[in-house]
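Right, one structure below, let's go through it.
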Amino acid sequence: MGRISAQVMNRLQGWLIALGIFSALLIAHVALAQPTWVEQSTAYFRIVYAPDDVAIANEYAAIIDSLYDEFSTTFAFRPVTPLTLRLYPTSESYFAANPAARAVPGVIAHADFRRREVVVIVERARLQDQTAQVNNLRHELTHIFAADLSAGKLNVGLQEGIAQYMELPGPDRDSKMAVLRTLAERGGLWSWATLDDRNAIYGQPDVSYPQTWSIVAFLIERDGIDRFRQFLVTLAQSSGYRSAMVTVYGVSATTLEAEWRDWLPGFLQLDAHQMTPAAIDLQPVQSFLSAGDYEAALRELERLEPIADEATRTAITTLRTQAQTGLRANQLTSAARTALLKGEYEQAERLIGQAEQAYRDINDLRQTAILAEYRARVARGLQASERLRQAYEQARTFDLISAQTNAEAAAREFAALGDDLRRDNALALRQQLARQQQNIAIALLFFGAAGIAIRFISRQLMPVARPW
């Protein structure tokens with residue numbers, strides 16, 4: 001019994017030693033496969049790469065932040081930064097760090113939303129054209145956005161669908177359309193129940209990816225990218241994608257799947273090369289314009305223009321002109337009000353006319369009543385100014401009663417308009433006229449009294465001769 005136990009212990013000890021040696025060799029192999037990393041930072045990313053890959057790292061650094069800004073606009077959401085972009089120099093170094101990826105055919109890149117990392121195998125990416133390399137980044141970065149918005153609950157099928165949807169058109173679109181046509185003709189389209197099946201999606205990507213792409217394209221064409229974003233956010237609080245779809249789309253996933261099958265034949269008639277990622281939503285700009293918040297509209301347009309396609313830029317140009325005209329009209333209205341407060345009625349009248357024309361150009365009628373009120377106040381101010389001018393003119397010609405009447409009327413009108421300066425001028429003129437009238441009255445009394453006195457004295461000194 002003792003000998004058996006000793007043999008077992010010796011054998012176990014031998015296995016442990018062998019396992020230790022194997023583990024040490026494995027760790028050494030992995031360590032040798034891993035490159036020496038170099039880092040550089042962008043506004044939103046920490047880029048990690050091997051020293052020999054500095055050129056491609058710089059190329060990616062020049063575009064990755066713009067992709068982040070574009071997706072932030074599309075999804076109305078900004079993931080916490082910095083994110084990591086890791087560039088593995090070779091397939092071997094990648095598989096050494098990600099052994100499970102050996103089972104995924106054709107892998108070039110992946111995203112790990114838990115580590116907040118986008119990964120690219122440089123050795124394989126170099127064999128692609130420029131568009132395909134950009135699409136690697138677009139595809140994997142979309143996974144980060146979708147995962148953050150859905151709190152990691154978006155299933156693998158829809159994850160791959162939205163990631164493909166955000167790619168730029170490329171040659172692979174033709175092959176996807178061909179697969180979809182074949183599946184549709186043969187009745188081989190998968191059920192949406194497969195969207196949750198990770199093994200099916202990644203086990204047959206040549207069949208699953210075209211379908212998931214078309215499903216997301218259908219959902220976005222049906223209700224827009226903002227509704228799909230709402231679906232992602234709702235999914236974070238839901239038990240699954242089906243319940244979230246009912247909440248957001250108002251119908252069951254079964255109904256949506258039936259609509260997708262009906263929609264697909266028309267979709268397959270489109271030119272794959274003309275399909276672009278989600279169109280920029282200009283509705284927020286329209287809302288700002290409708291509310292008269294022209295500054296906010298211009299800020300939003302400035303943010304959208306760098307990521308807009310040619311057609312959208314044409315629309316942006318039109319909207320910018322409208323926003324700039326509206327902003328100028330607001331500024332003219334404000335300047336007219338300031339001129340009114342200063343009593344600069346001629347200037348206010350000119351500014352009001354310019355503001356009215358600008359608002360007419362963009363069919364903004366909200367300030368019509370205010371400008372009409374300003375114009376009425378200008379008319380009153382100009383009329384009061386004219387009466388005050390007449391009062392000064394009449395005072396110079398000693399038409400004191402008319403001058404005082406006009407000065408009093410002007411003072412009352414200026415007081416009603418809140419024009420304290422001109423009210424005080426009119427009141428000062430009225431007081432001056434009152435003093436003049438008083439002085440004239442005193443002078444008249446003096447000269448009248450003097451005349452009477454002279455006549456009295458004359459009579460005393462030169463008595464009238466009486467007839468004999």
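We count residues from 1, following the sequence as given. Heavy atoms only: backbone and side chains are in, while hydrogens, waters and symmetry mates are out.
A salt bridge links Glu356 with Arg375; the closest basic N to acidic carboxylate O contact falls under 4.0 Å.
For the 3.5 Å distance criterion, the side chains of Asn136 and Glu140 fail to qualify, holding no donor opposite an acceptor.
Looking at Arg328, Gln322, Gln324 one by one, the single match for side-chain contact (heavy atoms from CB on, under 4.5 Å) with Ile362 turns out to be Gln322.
Thr333 is linked by a side-chain contact (heavy atoms from CB on, under 4.5 Å) to Ala355, Tyr359, Leu371, Tyr374, counting only residues two or more places apart in sequence or in another chain. With sequence neighbours excluded, no residue forms a ring-ring contact (aromatic ring centres under 6.0 Å, His included) with Phe95.
When every heavy atom of Leu183 is checked against every heavy atom of Val207, the shortest pair comes out as CD1-CG1, 4.0 Å.
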Under 3.5 Å, which donor-acceptor pairs link side chains of residues 286-297 to any protein atom two or more places apart or in another chain?
unit_1: Ser287; atom_1: OG; unit_2: Gln283; atom_2: O; d: 3.1
unit_1: Ser287; atom_1: OG; unit_2: Gln283; atom_2: NE2; d: 3.4
unit_1: Ser290; atom_1: OG; unit_2: Gln286; atom_2: O; d: 2.9
unit_1: Asp293; atom_1: OD1; unit_2: Ala296; atom_2: N; d: 3.3
unit_1: Tyr294; atom_1: OH; unit_2: Asp364; atom_2: OD2; d: 2.4
unit_1: Tyr294; atom_1: OH; unit_2: Arg366; atom_2: NH2; d: 3.2

Run the side-chain donor-acceptor check on residues 342-349: report pairs under 3.5 Å with partners two or more places apart or on a different chain.
unit_1: Tyr345; atom_1: OH; unit_2: Asp419; atom_2: OD2; d: 2.6
unit_1: Gln347; atom_1: OE1; unit_2: Arg350; atom_2: NE; d: 3.3
unit_1: Gln347; atom_1: OE1; unit_2: Arg350; atom_2: NH2; d: 2.9

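A distance of 6.0 Å or more separates the ring centres of Phe267 and Trp260.
The side-chain heavy atoms of Asp197 and Val156, taken from C-beta on, include no pair separated by under 4.5 Å.
Remark: side-chain polar atoms of Ser238 are not paired, donor with acceptor, to backbone N or O of Gly240 under 3.5 angstrom.
Applying the salt bridge (charged side-chain N to carboxylate O under 4.0 Å, His left out) definition to pairs two or more places apart or across chains, those involving residues 51-66 are Asp53-Arg126. For the side chain to side chain donor-acceptor pair (under 3.5 Å) condition, the pairs that include at least one residue of residues 144-154, sequence neighbours left out, are Arg116-Asp148.
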